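So the structure is just underneath, and the comments pick up after that.
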Amino acid sequence: MPDTRTGLATMSTMLAGLAAIACGAVGIAWALGSTHGGMAFHGWLLAAAAAISLFFIGSMVRGETHADKSTYNDGPIKFATIAALFWGIAGFIVGDIIAWQLAYPALNLDLPWTSFGRLRPLHTSAVIFAFGGNVLIATSFYVVQRTGHARLAGIWSPWFVVVGYNLFIAIAGTGYILGITDGKEYAEPTWYADLWLTIVWVVYLLVFVGTLWRRKEPHIYVANWFYLGFIVTVAMLHIVNNLALPVSIWGPKSYIIYSGVQDAMTQWWYGHNAVGFFLTAGFLGIMYYFIPKRVERPVYSYRLSIVHFWSLIFLYIWAGPHHLHYTALPEWTQNLGVAFSIMLWMPSWGGMINGLMTLSGAWDKLRTDPVVRLLVVSVAFYGMSTFEGPVMAIKAVNSLSHYTDWTIGHVHSGALGWVAMVSFGAIYCMVPWLWKRKGLYSIRLVEWHFWTATIGILLYITSMWVSGIMQGLMWRAYDDLGFLSYSFVETVEAMHPYYIIRAIGGTLFVLGSFIMVYNVWRTIRGDESVDLAEQPSVAAAPELRLQPAE
């Protein structure tokens, strides 16, 4: 048996090396052959990533660190966790910069690379896909191993997932700054970035399913159902929405195969379900593992969690048309989106109640443990956002809210309040467990982070709610003669104070993230905790110990 394993490891290493060489060759070909400067830069980026990967594979082989398969494979998880922190800081800073640009347009600096039109997709992709995506990969790899009592499937494939995904982020992000974009909301990366992500995502699915297949625990814990639903559906959404024909393999320009209202329908089928499955289902997997683990209580209702999963998975996929009210989309399709959006309220709140009621018998931890507070407040924001979304999907409400800052406030109550806060809580849980520390460097810094981020979020979303409703009312105001009462410029001028409040809230949120990065850095470095006695003792899952024959 050991000989067979050694042979498989050698073959896997050879295939990994050949794949890196192939990627390097493609990168050099693009770098030298492309007439587009941005694509040539991406070619060099791909070649550099391939060279670093070859060096990494060689060093791993020499150290034989890949040979020990008797414990959990936490290396890729550590990589993704650190990458999430890096991209999170980058995305939050860019978001705050463009918030200040809206208040003071001169901050665009009159440069193409720092314009709002290029920084805005950089911000959304960095926060959603770079920060959020790395958190999802890290937590899914952590949870599937611990709940299945099995090591991640594959030797190099988990590393390919985390490194390949971050290479995609680097290509997409630098592409936006250089003006390379498909111009589709949440789907801006160009054709070769999309193609690369498809390969990475298929390997991600294979690693996750392969780990579930080799699990020692017969039961598949519900968090894994949410992760699996997120991975499978995002793959389908990404492939269908990004089907395009490149003009040339030497340039970034491509044409989407859809046109007109079909393109719009496909885009918002993708766009809304990117929210539904990337930003909801995946992070519900985090909720269902880390809240019970942190408060050391079982899930309030396991039966409800299963109902939550299946109803959410079935209903969410149909809600996209509510983004296209009062357009050329057929009326019945718009109404279908409204109906399913309203029905989504019930499973969403069922999940929220399940998460909150898991604290039954442990409510005192809200007072003593700020990590629990982060996790629980995130669930409260999840409940609020999933109530507001169906309300905004109703056509009468949508006629007021659509295209206004009310939508921006809604999106950020979910993105900052739900996604970011539950991610912060999961990272605070995982870091001491992954790096074998007794606790975080400082639990008091977590307290500071919680309050700074929470106040920042509240300033942000409340200012956008007020601004957006005012904006919508001004747009539909008419005088006695039937003319518009306000010009567009007057509505922008009226919103200026609220833009300043939003930018201040964003600055507080960025400050809180810096506090977190400092705390995590000191924890990873192994510095002695300054308040270990005040921290709750939450044990990590037992280490995996397989027999050599396995």
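Because the structure is a prediction, the values reported are computed rather than measured.
When atom types are taken as modelled, the side chain of S385 and the backbone of Y382 share no donor-acceptor pair closer than 3.5 angstrom. Side chain of S467 to main chain of M464: no donor-acceptor pair is present (N/O by atom type, distance under 3.5 Å, no hydrogens or angles). Without hydrogens or angle criteria, T174 side chain to I171 main chain gives a donor-acceptor distance under 3.5 Å. Between the side chain of Y326 and the main chain of K395, a donor-acceptor pair closer than 3.5 Å is present. Side-chain atoms of D182 do not come within 3.5 Å of backbone N or O of K184 as any donor-acceptor pair. With T386 contributing its side chain and W345 its backbone, the two residues share no donor-acceptor pair below 3.5 Å. Using a distance-only test at 3.5 Å, with no hydrogens or angles considered, no donor-acceptor pair links the side chain of H238 to the main chain of V234. Between the side chain of H272 and the backbone N or O of A319, no donor-acceptor pair lies under 3.5 Å. With hydrogens and angles ignored, the 3.5 Å screen pairs a side-chain donor or acceptor of Q267 with a backbone N or O of E185. Judged purely by atom type and a 3.5 angstrom limit, N354 has no side-chain atom pairing as donor or acceptor with the backbone of G350.
Under the side chain to side chain contact (heavy atoms under 4.5 Å, CB included) rule, I231 has a single partner from L206, L205, V207, which is L205. Exactly one residue among V376, V372, T358 makes a side chain to side chain contact (heavy atoms under 4.5 Å, CB included) with R294. That residue is V372.
Between the OG atom of S254 and the OH atom of Y192 there is a distance of 10.0 Å, given to the nearest 0.5 Å. Annotation: the span from T404 atom OG1 to L473 atom CG amounts to 9.5 Å, rounded to 0.5 Å. One distance of note links OG1 of T454 with CE of M421; it measures 3.5 Å at 0.5 Å rounding. The distance from atom CG of L237 to atom OG1 of T266, rounded to the nearest 0.5 Å, is 11.0 Å. The OG1 atom of T327 sits 9.5 Å away from atom CE of M265, with the distance rounded to the nearest 0.5 Å. Taking CG of D405 as the start and CE of M495 as the end, the distance is 5.0 Å to the nearest 0.5 Å.
Of all the heavy atoms in P252 and T190, the pair that sits closest is O-OG1, 2.5 Å. Listed here is the closest heavy atom pair of S341 and H322: OG-ND1, 2.6 Å. The nearest pair of heavy atoms linking H449 to Y428 is ND1-OH, 2.8 Å.
By the 30° and 60° cut-offs, the orientation of the rings of W225 relative to W310 is tilted. Between Y165 and F168, the ring planes are tilted. Angles from 30° to 60° get that label. Relative orientation of the Y221 and Y302 rings is tilted, given thresholds of 30° and 60° on the angle between their planes. Using cut-offs of 30° and 60° for the angle between ring planes, the Y204 and F141 rings count as perpendicular.
With a 4.5 Å cut-off on side-chain heavy atoms, L284 and L312 count as touching. Looking at heavy atoms from C-beta onward, W465 lies in side-chain contact with E388 at the 4.5 angstrom threshold. Counting heavy atoms from C-beta on, the side chains of I128 and V275 never come closer than 4.5 Å. The closest side-chain heavy-atom distance from R502 to L102 is below 4.5 Å. Two residues are said to be in side-chain contact when any heavy atoms from C-beta on lie closer than 4.5 Å; P321 and L336 fail this criterion. Counting heavy atoms from C-beta on, the side chains of F208 and N224 come closer than 4.5 Å. Side-chain contact between M384 and S413 is present, with at least one heavy-atom pair separated by less than 4.5 Å. At a threshold of 4.5 Å between non-hydrogen side-chain atoms, the residues P189 and L197 do not count as touching.
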Step-by-step side chain to side chain contact (heavy atoms under 4.5 Å, CB included) determination, L243 to Y258: CA-CA 8 Å; L243 289 174; Y258 313 105; 3.6 Å; yes
Trace of the side-chain hydrogen bond (donor to acceptor under 3.5 Å, both in side chains) decision for N242 with Y270: CA-CA 9 Å; N242 290 288; Y270 164 90; 5.1 Å; no
Working for side chain to side chain contact (heavy atoms under 4.5 Å, CB included), residues Y316 and T233: CA-CA 11 Å; Y316 230 121; T233 310; over 6 Å; no
Criterion side-chain hydrogen bond (donor to acceptor under 3.5 Å, both in side chains) on Y176 and S125, from CA distance to verdict: CA-CA 10 Å; Y176 303 151; S125 290; 3.0 Å; yes
Residue pair V422, L375: steps toward the side chain to side chain contact (heavy atoms under 4.5 Å, CB included) verdict: CA-CA 5 Å; V422 78; L375 293 168; 4.0 Å; yes
Audit row: I427, M516, side chain to side chain contact (heavy atoms under 4.5 Å, CB included) steps and yes/no: CA-CA 10 Å; I427 291 172; M516 176 183 191; 3.4 Å; yes
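Neither side chain, W475 nor Q471, offers a donor N or O lying under 3.5 Å from an acceptor on the other. Between the side chains of T147 and Y289, not a single donor N or O lies within less than 3.5 Å of an accepting N or O. A donor atom on one side chain and an acceptor atom on the other are found under 3.5 Å apart for D96 and T507. With no hydrogens or angles considered, a side-chain donor-acceptor pair links R476 and S399 at under 3.5 Å.
Under a cut-off of 6.0 angstrom, the local environment of OH in Y486 is sparse, with at most 12 non-hydrogen atoms contributed by other residues, nucleotides or ligands. Atom CG of D110 has 12 or fewer heavy atoms from other residues, nucleotides or ligands within 6.0 Å. Atom CH2 of W191 has more than 12 heavy atoms from other residues, nucleotides or ligands within 6.0 Å.
Applying the side chain to side chain contact (heavy atoms under 4.5 Å, CB included) test to N398 and every residue at least two apart in sequence or in another chain returns H325, S401, H402. For L315, the side chain to side chain contact (heavy atoms under 4.5 Å, CB included) test picks out F340, M343, L344, P347, with sequence neighbours left out. With sequence neighbours left out, S487 forms a side chain to side chain contact (heavy atoms under 4.5 Å, CB included) with V489, E490. Judged as a ring-ring contact (aromatic ring centres under 6.0 Å, His included), and not counting sequence neighbours, the contacts of F278 are F129, F230. In terms of the side chain to side chain contact (heavy atoms under 4.5 Å, CB included) criterion, residue partners of V419 (sequence neighbours excluded) are, by chain and number, L279, F283, S423.
Note: W418 and F381 fail the aromatic proximity criterion, with ring centroids not under 6.0 Å apart.
The existence of a salt bridge linking R118 and E188 is excluded, since no basic side-chain nitrogen approaches an acidic carboxylate oxygen closer than 4.0 Å.
Within the structure, ring pair (Phe, Tyr, Trp, His ring centres under 6.0 Å) contacts touching residues 85-119 (residues at least two apart or in different chains) are F92-F131, F92-F509, Y104-H496.
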